[in-house]
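Remarks on the structure that follows.
Predicted model only: the values in this text are computed from it and were never measured.
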Amino acid sequence: MIHLFINAISASAGGGLTYVRNVVPRLADRDDVRATVMVNETLGAEIVESARVTLLRQDWPTNSGRRLWYEQSKLPGVIRRSGADVLLSTGNFALYQSPVPQILLSRNALYVSADFLRDLRKRGDFRLWLDTEVKGALARWSVRAADCTVAPSVTFASELQQWTGKSVACIHHGFDRDVFFRDQSPLLPEVQGCLSAAEGSLRLLFVSHYNYYRNFETLIQAVAILKKKLQPRSVRLILTCKLNSKDNPGDYRADSAAQLVQQLGLREEIVELGAVPYAVLHHLYQACDFYVTPAYAETFAHPLVEAMASGLPVIASDLAVHKEICGDAALYFPRFSAEALAERIADASESTEQTSQMRKMGAARSQDFSWDKHVEELLRVARRLAHG
């Protein structure tokens with residue numbers, strides 16, 4: 001039996017939470033592995049301890065610099081005392097002088113994204129630009145320091161290899177259809193009310209909190225074009241966030257996106273739902289006509305798989321990783337072209353034959369992603385490292 005120590009203290013939003021929520025229960029179901037999982041108090045309240053999973057709940061510093069120092073200074077001793085065979089670091093940064101072989105999960109495309117750094121300079125957000133450069137240097141060192149680095153897509157693994165000069169493995173993230181569709185609780189009345197008000201409109205969905213690299217501004221501009229192009233039919237863009245900086249995690253300022261909505265006269269067309277609980281998110285996918293993403297940086301993009309599994313046609317930016325995940329099931333457009341995005345949506349909305357084919361191909365493609373398969377491949381890497 002192999003004993004994994006999983007450092008998940010930085011899992012607080014997005015892909016990090018998705019990863020831990022799916023992987024840890026699968027480890028608990030196996031009789032060939034033990035896991036000691038270090039989590040923050042919030043995530044610790046969600047995970048159930050068992051005979052094979054031990055939780056170490058810790059209120060770590062929220063400041064990333066202080067948390068990194070705390071990890072580097074305190075975590076080696078905790079790992080030694082746990083008796084673990086292999087360390088799994090889930091937060092993009094490796095542990096210096098790990099007392100056991102270390103697998104690093106790297107899943108932040110921003111450190112290797114020239115588009116992101118260019119965007120930060122254009123916005124004048126030099127504090128975040130400097131923060132990204134510093135963290136990027138640490139991430140590059142981490143890939144070189146870890147015994148094995150794992151990326152969630154072939155595309156990102158290749159980017160990391162070019163960036164660091166070190167071999168990087170790909171293990172696709174998974175998708176659990178049974179869990180995703182299990183909860184049949186209805187959407188909150190206010191959310192359902194917004195969807196009902198959009199009845200008869202072309203409903204576009206984008207699942208994300210606000211940040212720069214998801215490229216909201218291009219999507220908003222595309223809606224303005226569609227508003228004219230589709231007349232007399234109306235269009236609604238359904239967002240699972242608020243275009244308000246204080247309502248989103250991180251240090252991204254949503255002011256420019258909110259101002260753009262006002263300038264283009266799209267207050268009615270842009271529907272800001274705010275965060276929707278994951279358990280009922282499938283209802284939202286199934287209530288819309290297309291899933292759209294103009295993101296210019298991604299490492300996997302779970303919502304693409306969720307959309308395909310929900311039978312929702314996908315129109316995505318032309319990132320290599322989007323093409324890797326969706327294949328022929330999606331339509332693509334140049335990531336900074338609002339005109340091309342609007343054209344793809346308009347053309348697809350007029351072809352029931354094309355959208356029907358996209359739904360079928362998407363549903364089939366979504367079945368290729370499995371958390372059980374991910375865990376199996378991850379354990380194969382861990383055993384190899386543990387046995388030298």
Please say yes or no: joined through hydrophobic side-chain contacts below 4.5 Å, possibly via intermediate residues, are Val321 and Val168 part of one cluster?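 No, no single cluster joins them.
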
Check the hydrophobic clustering (I, L, V, M, F, W, Y; side-chain heavy atoms under 4.5 Å; chains of links allowed) and say if Leu130 and Phe116 are grouped together.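 Linked within one cluster.
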
ring-ring contact (aromatic ring centres under 6.0 Å, His included) partners of [X], counting only residues at least two apart:
| X | value |
| --- | --- |
| Phe156 | none |
| His172 | Phe369 |
| Phe175 | Phe180 |
| Phe336 | Tyr296 |

How would you list, by chain and number, every residue that makes a side-chain hydrogen bond (donor to acceptor under 3.5 Å, both in side chains) with [X], sequence neighbours excluded?
| X | value |
| --- | --- |
| Tyr213 | Asn211 |
| Ser185 | Asp183 |
| Arg118 | Asp115 |

Determine whether more than 12 heavy atoms belonging to other residues, nucleotides or ligands lie under 6.0 Å from atom [atom1] of [X].
| X | atom1 | result |
| --- | --- | --- |
| Gln262 | CD | yes |
| Glu190 | CD | yes |
| Asp328 | CG | no |

Compare every heavy atom of Ala84 with every heavy atom of Phe5, then report the nearest pair and how far apart it is.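 Shortest heavy-atom separation between Phe5 and Ala84 comes out as CB-CB, 3.6 Å.
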
Inter- and intrachain pairs under side-chain hydrogen bond (donor to acceptor under 3.5 Å, both in side chains), touching [range], at least two apart:
| range | result |
| --- | --- |
| residues 375-388 | Arg30-Glu376, Asp32-Arg383 |
| residues 93-106 | Ser89-Gln102 |
| residues 338-347 | none |

Counting N and O atoms only, with roles assigned by atom type, does the side chain of Arg140 sit under 3.5 Å from a partner on the main chain of Trp163, one being a donor and the other an acceptor?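 Such a contact is found between Arg140 side chain and Trp163 backbone.
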
Show which side-chain atoms of residues 217-228 pair as donor or acceptor with protein atoms under 3.5 Å away, not counting sequence neighbours.
from	atom 1	to	atom 2	distance (Å)
Glu217	OE1	Arg123	NH2	3.2
Glu217	OE2	Tyr210	OH	2.8
Glu217	OE2	Ser256	OG	3.1
Thr218	OG1	Asn215	OD1	2.9
Thr218	OG1	Asn215	ND2	3.3
Lys227	NZ	Gly265	O	3.0

Side-chain donor-acceptor distances from residues 194-207 under 3.5 Å, at least two apart:
from	atom 1	to	atom 2	distance (Å)
Ser196	OG	Gln192	O	3.0
Ser201	OG	Ala198	O	3.4
Ser201	OG	Ser234	OG	2.5
Arg203	NE	Ala287	O	3.2
Arg203	NH1	Leu195	O	3.2
Arg203	NH2	Ala287	O	3.3

Determine whether Val100 and Ile79 make a side-chain contact, defined as any pair of heavy atoms from C-beta on separated by less than 4.5 Å.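 Val100 vs Ile79: side chains touch.
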
Side chain to side chain contact (heavy atoms under 4.5 Å, CB included) assessment of Gln184 paired with His283: CA-CA 8 Å; Gln184 292 304 309; His283 292 307; 3.8 Å; yes

Passing candidate, side-chain contact (heavy atoms from CB on, under 4.5 Å) with Phe333, options Ile345, Val292, Leu341: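 For Phe333, the side-chain contact (heavy atoms from CB on, under 4.5 Å) check succeeds only for Leu341.
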
